[in-house]
Amino acid sequence: MSKIIIVGGVAGGATAATRLRRLGEDHHIIMFERDEFVSFANCGLPYYIGGVIKDRQRLLVESVEGLKTKFNIDVRNFSEVLTIDRVKKTVLVKKTQTGETYEEGYDKLILSPGAKPIVVPTKGLENAKNIFVLRNIPDTDKIKDFIIQNKPKNAVVIGGGFIGIEMAENLVGDGVKVTVVDLADQILAPLDFEMAKYAQNEMTDHGVQFFLSDVVSEFSDEGKTLTLKSGAILHADMVIMGIGVKPESDLAQKAGLKLGPRGHILTNATMQTTDAQSGALVEDIYAIGDAVEVQDYIDGTQTAIALAWPANRQGRLVADHIAGKKIHYNGSLGSSIVKVFDLTIASTGNNEKTLKRKNVPYKFIYISRGSHAGYYPGAQDIFIKMLFSPEGKILGAQGVGGEGVDKRIDVLATAIRGNLTVYDLPDIQLCYAPPFSSAKDPVNIAGYVATNVLEGAFDYVRYDQIDDILKSGALVIDARTPLEYGLFHFEGAKNLPLAELRSRNGELPEDKNTPIYVYCNVGHTAYLAIQVLRNFGYTKLFNLAGGVKLYKAVKLYKPHAEPLPMVNPEQREVSPMVSNDIKAKISIDACGMQCPGPIMQTFKAVCSLEDGERVQIEATDPGFARDIEKWCENTGNTLVKNEKDGIIYRAVVQKGTRADIGFKVESSNENTTIVLFSGDMDKAMAAMIIGQGSAAMGKNVTIFCTFWGLNLLRRPKKVKVKKSFVEAMFGFMMPRGPKKMGISKMNFAGAGPKMMKGVMKKKNVPLLEQQLENARACGVKFIACTMSMDIMGIHKEEIIDGVDFAGVATYLAESDKAGVTLFI
Ligand SMILES: Cc1cc2nc3c(=O)[nH]c(=O)nc-3n(C[C@H](O)[C@H](O)[C@H](O)COP(=O)(O)OP(=O)(O)OC[C@H]3O[C@@H](n4cnc5c(N)ncnc54)[C@H](O)[C@@H]3O)c2cc1C
């Protein structure tokens, strides 16, 4: 009978012990655990603190008694192993309750001592009475008791790693106002910066505050006041230290076992240790779990990954090896996942930061898809970043979103393990029915897009490059619809919707080598536009990676002045599709639809309502909450409710004409055509208001700008074009764009319009330039009359983007279909 000693009785240790017993009844297995509890669920601790896991007992996966009776394991808790004598093959054990020590011999020794929270020595820390770390059950009890007894109103979490973020969320759940401080410029280090931003935004939406690239330099007032390096001062009823862990490797070091540069115990593929001096294999001492250094699965370099999967896997393998089986630990991939309020954030393999640091050549893609078929209710957004070598080897992936992110990252982790390349991903036959996925699963799509990139279909530019590209004056095309362009576009981008690209190819540069940067919401429409441009012969085509959606998440995210009201999950059961408190006539499920889908659906529904009636829209597009605000503002409808219910954004819109616009529209199915002949600001305003009102009633509205009316559509800045003397004179005399237009009466050399603008601002009436944007956002179509352009010497280049050019015939065709034709 051989005697096997295990140090540490939780993830790795308990797994090794039970597996060993399953493999044979002969061994004497002794498991030493310093603390009271063995085999508990560390991963569940934050959720117990937050009250999600209600019963503390549920955290105790297996008891000391259970391990003894069910597995015949000699469990000795409250027993700390102090030293190892490798020559005598004994360990010195201290009974922590009595202080008594004794020696115990071993044939094989397994070290699974885990890792401990890092606490940085900081001024004032020693006097603090409200600072906690979270590693085990006693830590959990201390935090839980403190919360119950002191009912903290605010807390600071130092460190935005997994434990810090989980604690922050659970404290928010307890009604605590949380601030996160982190030395890095991002939270959740396994993710790349832009992907981590989604998590940060989600937390901000839930009221969490962040101080990034900052550290605590001093604690005062017994820990209740924290001074940051930046000078900021935070008040905290409690503080959680979650800045990471360091390996519990003192015992191994004292025993002369070799450690890695960050203090982890070095192991080989059979999880055996090495002598620090000679470098010889120490066959009878194994080490597993958080305390060890292993190989990176992706490239075989040394790494250390403190996660439950490696600890459990290594525990089992070591038991197999002791039982005489052949084993080989293939290295750690670092697949991990975390719930951040209503988001799921998962990753596997190497991230971009790591690849850059290691100088590994790589390519990347982003894809954005629904968790299942968009037409089946409840689809949620999934955003995936995948990294791969120029040969197609998958190097890593990260996913953020709702339901189904875990499944996709798990499939990609499996693909990595199976040595599949990106070329294999489209070939993976995944199960599909509308409630679960799409016929082309996001994993298949990731494969298609990566293949396109490797085959040179286009190049990417990134969210952090596009501003400079725009500044340089390069041609940037917004390939989305005018409605989407109206809701948001990059200043200087030309709106050439994919659907119009072929008919408007005359607006493209003659030189086919001109670099063209194309963007859309997520990259797909831009990709399609790029294919059209390629077919036209253009050679330098770039797609904005991740589209507007990623750019907005990283660069433009602003928390709502007041966080969106969150629906209490307990009320969710009784909250049907249409809220109880606000009766809506129509209810739209736009979940899974990308922008502008939800807005278009809202638009259609509002058209069919009477004034004062309401529509409720549910969407999962994270931009929806802001888009609907802007849309209501633009169209004069009233946003009655804008809330977040889990992953779902819910808005209730009441059809209603805004008092400040003062335009009452009648319901009709016919179209409206307005001929804007005048170049006066007040008359153009009337055209814009009538246009918006009609559009809000569901009419197709065309504003035909002719003669002086063309001024409305002129670019504000002078455009270099060749003009005759008369044309140049006309151009000089005519106002350039809505900002410069005068009023029809009492203009007083420009003083009149100024006064009018002042009054409009006071009364909160949007100015003409905003009205023009609003009208475009409502779908109003603008046509510049080519005949009057010709007469007045206005060139196409001088007209703003997104305007059609047509002659009188087009106008007549439009007005033929119109029930109302107005001349202004
Ligand atoms: C709050 C929290 C949440 C987590 N959530 C996740 C998660 O969601 N997903 C995930 O993958 N991982 C998670 N982890 C990490 C995961 O729990 C660890 O990776 C895993 O437990 C490591 O196993 P281990 O056996 O190496 O160490 P541990 O499970 O920590 O066990 C080590 C044990 O050894 C004992 N010990 C140490 N030295 C001695 C000694 N000299 N003598 C006797 N006993 C000793 C310690 O008291 C400890 O109980 C979480 C960890 C924490 C703390």
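Just so you know, ligand 1 is whichever comes first in the structure, and atom 1 is the first atom listed for that ligand.
Of the polar atoms of Leu307, at least one N or O is found under 3.5 Å from an N or O of ligand 1, judged by distance alone. Between Ser112 and ligand 1, at least one N/O pair is under 3.5 Å apart. Of the N or O atoms in Ala11, one or more lie within a sub-3.5 Å distance of an N or O in ligand 1. Taking only nitrogen or oxygen atoms, main chain and side chain alike, Ala308 reaches within less than 3.5 Å of ligand 1. On a distance-only criterion, Phe40 and ligand 1 share no N/O pair closer than 3.5 Å. Close N/O approach between Arg34 and ligand 1 is found [any backbone or side-chain N/O within under 3.5 Å]. For ligand 1, the polar-atom distance check against Trp309 finds no nitrogen or oxygen pair separated by under 3.5 Å. An N or O contact shorter than 3.5 Å is missing between Val7 and ligand 1 by distance. Not one N or O of Glu248 is nearer than 3.5 Å to an N or O of ligand 1, by distance alone.
Atoms of ligand 1 lying under 4.0 Å from at least one heavy atom of Gly8, given by number and element, are 33 (C), 34 (O), 35 (C), 44 (N).
The closest approach between Gly44 and ligand 1 stays at or above 4.0 Å for every heavy atom of the residue.
Only one option out of Arg86, Lys108, Lys89 pairs with Asp284 in a salt bridge (charged side-chain N to carboxylate O under 4.0 Å, His left out); it is Lys89.
A distance-only check finds no donor-acceptor pair linking the side chain of Thr140 to the backbone of Pro138 [under 3.5 Å].
The residue from Gly164, Pro113, Ala115, Ala311 that puts a heavy atom closest to atom 36 (N) of ligand 1 is Pro113.
Note that OG1 of Thr273 is 7.0 Å distant from CG of Leu111, once rounded to the nearest 0.5 Å. Atoms NZ and NE2, from Lys3 and His28 in turn, are 6.5 Å apart once rounded to the nearest 0.5 Å.
Counting only heavy atoms of the protein, atom 31 (O) of ligand 1 lies nearest to Val10 CB, 3.4 Å. In terms of protein heavy-atom proximity, atom 9 (N) of ligand 1 is closest to Cys43 SG, 3.8 Å.
Ion pairing between Lys258 and Glu293 fails under the 4.0 Å rule for side-chain N and carboxylate O. Salt-bridge formation is detected for the pair Glu169/Lys339: a Lys NZ or Arg NE/NH1/NH2 atom is positioned less than 4.0 Å from an Asp or Glu carboxylate oxygen. A salt bridge links Arg56 with Asp141: the closest approach of a Lys/Arg side-chain nitrogen to an acidic carboxylate oxygen falls below 4.0 angstrom.
Between Leu257 and Asp275 the shortest side-chain heavy-atom distance does not fall below 4.5 Å.
For Asp296, the side chain to side chain contact (heavy atoms under 4.5 Å, CB included) partners are Ile298, Asp299, Thr301, Thr303, Asn350, Lys358, not counting sequence neighbours.
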